[in-house]
Amino acid sequence: MSATKGKTALALTRVWHHTNAQDRVLGNLASRIAWVLMGKHKPTYDPAVDAGDYVVVSNASNVHLTGKKGTDKVYYSHTGYMGGLKAVPITRMRKRRPEEIIRRAVSGMLPKNTFRDRRLERLKIFAGPAPEVYVNNSLTTWRDQVGSNISQPGLAGGEASQASA
């Protein structure tokens, strides 16, 4: 058996995935997106190689938040100057930049290394429906609804059994 994992161009080919964030729970959606961006769904996964795929997310403004996060969650950032702490409530973020909510959730779930910025560049998020160019370019689509009979590549481990149920 060979010790190489197969770093050929075919093994590192990137696929476009499309998902709809309509009424999906933010944390669950972000963890699945991070999984695909890292390439953990591929049999050739190697943590030292950036072999993840592209992900297109549509309807980001309709993502679902559980508990009181819809009113109480606050995003903090600091300018670097004295007294430069900025707090943006999620209600304002949802009105102005709804795609940023998913981007920050996915960013927090990716490893904090040099690959994170490159992986986030492969994440395309749209507040409304995605343009036809991105949707037509996607090879796989995944859904989490129970009762759906769709079972396609790109599903993370537990999703395949849930989607086919």
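For this chain, numbers begin at 1 and follow the sequence in order. Not measured: the values here are computed from a predicted model. What's counted below: heavy atoms across the whole structure, side chains too, no hydrogens, waters or symmetry copies.
The two residues M109 and A30 have their closest heavy-atom pair at SD-C, 3.6 Å. Heavy atoms only, all atoms of each residue included: G70 and I90 are closest at O-CG2, 3.5 Å. Minimum heavy-atom separation, A127 to E99: CB-OE1, 4.0 Å. Shortest non-hydrogen contact noted between A87 and Y76 is CB-CE2, 3.7 Å. A pairwise comparison of heavy atoms in V57 and A21 identifies CG1-CB, 3.9 Å as the closest pair. R14 and D50 make their closest contact through NH2-O, 3.1 Å (heavy atoms, listed as atom of the first residue, atom of the second, distance).
Enclosure of atom CZ in R97 is not indicated, since only 12 or fewer non-hydrogen atoms of other residues, nucleotides or ligands lie within 6.0 angstrom. Other residues, nucleotides and ligands contribute only 12 or fewer heavy atoms inside 6.0 Å of the NZ atom of K86.
Looking only at side-chain heavy atoms (C-beta outward), L37 and R122 come within less than 4.5 Å of each other. L65 has its side chain out of reach of K73: every pair of non-hydrogen atoms, C-beta onward, lies at least 4.5 Å apart. Residues W16 and K124 meet the side-chain proximity criterion, which asks for heavy atoms closer than 4.5 Å. Between V106 and R119 the shortest side-chain heavy-atom distance does not fall below 4.5 Å.
Atom CD1 of I33 sits about 13.0 Å away from atom CG of D53, to the nearest 0.5 Å. The OG atom of S107 sits 13.5 Å away from atom CD1 of I102, with the distance rounded to the nearest 0.5 Å. Rounding to the nearest 0.5 Å places CD1 of I125 at 12.5 Å from CG of N59. Taken from OG1 in T91 to CG in D72, the straight-line distance is 10.0 Å, to the nearest 0.5 Å. A distance of 10.5 Å separates OG1 in T66 from CG in N28, rounded to the nearest 0.5 Å.
Grouping the Ile, Leu, Val, Met, Phe, Trp and Tyr side chains by contacts below 4.5 angstrom, directly or via other members, places F126 with Y54. Both L110 and Y75 sit in one connected hydrophobic cluster of ILVMFWY residues. Membership requires side-chain heavy atoms under 4.5 Å apart, directly or through other members. Transitive grouping of hydrophobic side chains (ILVMFWY, heavy atoms separated by less than 4.5 Å) keeps L120 and F115 in distinct clusters. Linking ILVMFWY residues whenever their side-chain heavy atoms come closer than 4.5 Å, directly or via other members, places L85 and V74 in the same cluster.
Between R32 and T19, the side chains place no donor N or O within less than 3.5 Å of an acceptor N or O (distance only, hydrogens not considered).
A perpendicular orientation is assigned to the rings of H41 and H17, their planes being inclined by more than 60° (bins at 30° and 60°).
N62 places no side-chain N or O within 3.5 Å of a backbone atom of Q22 that could act as its donor or acceptor partner.
For the pair R104 and E100, the salt-bridge criterion is met [side-chain N within less than 4.0 Å of a carboxylate O].
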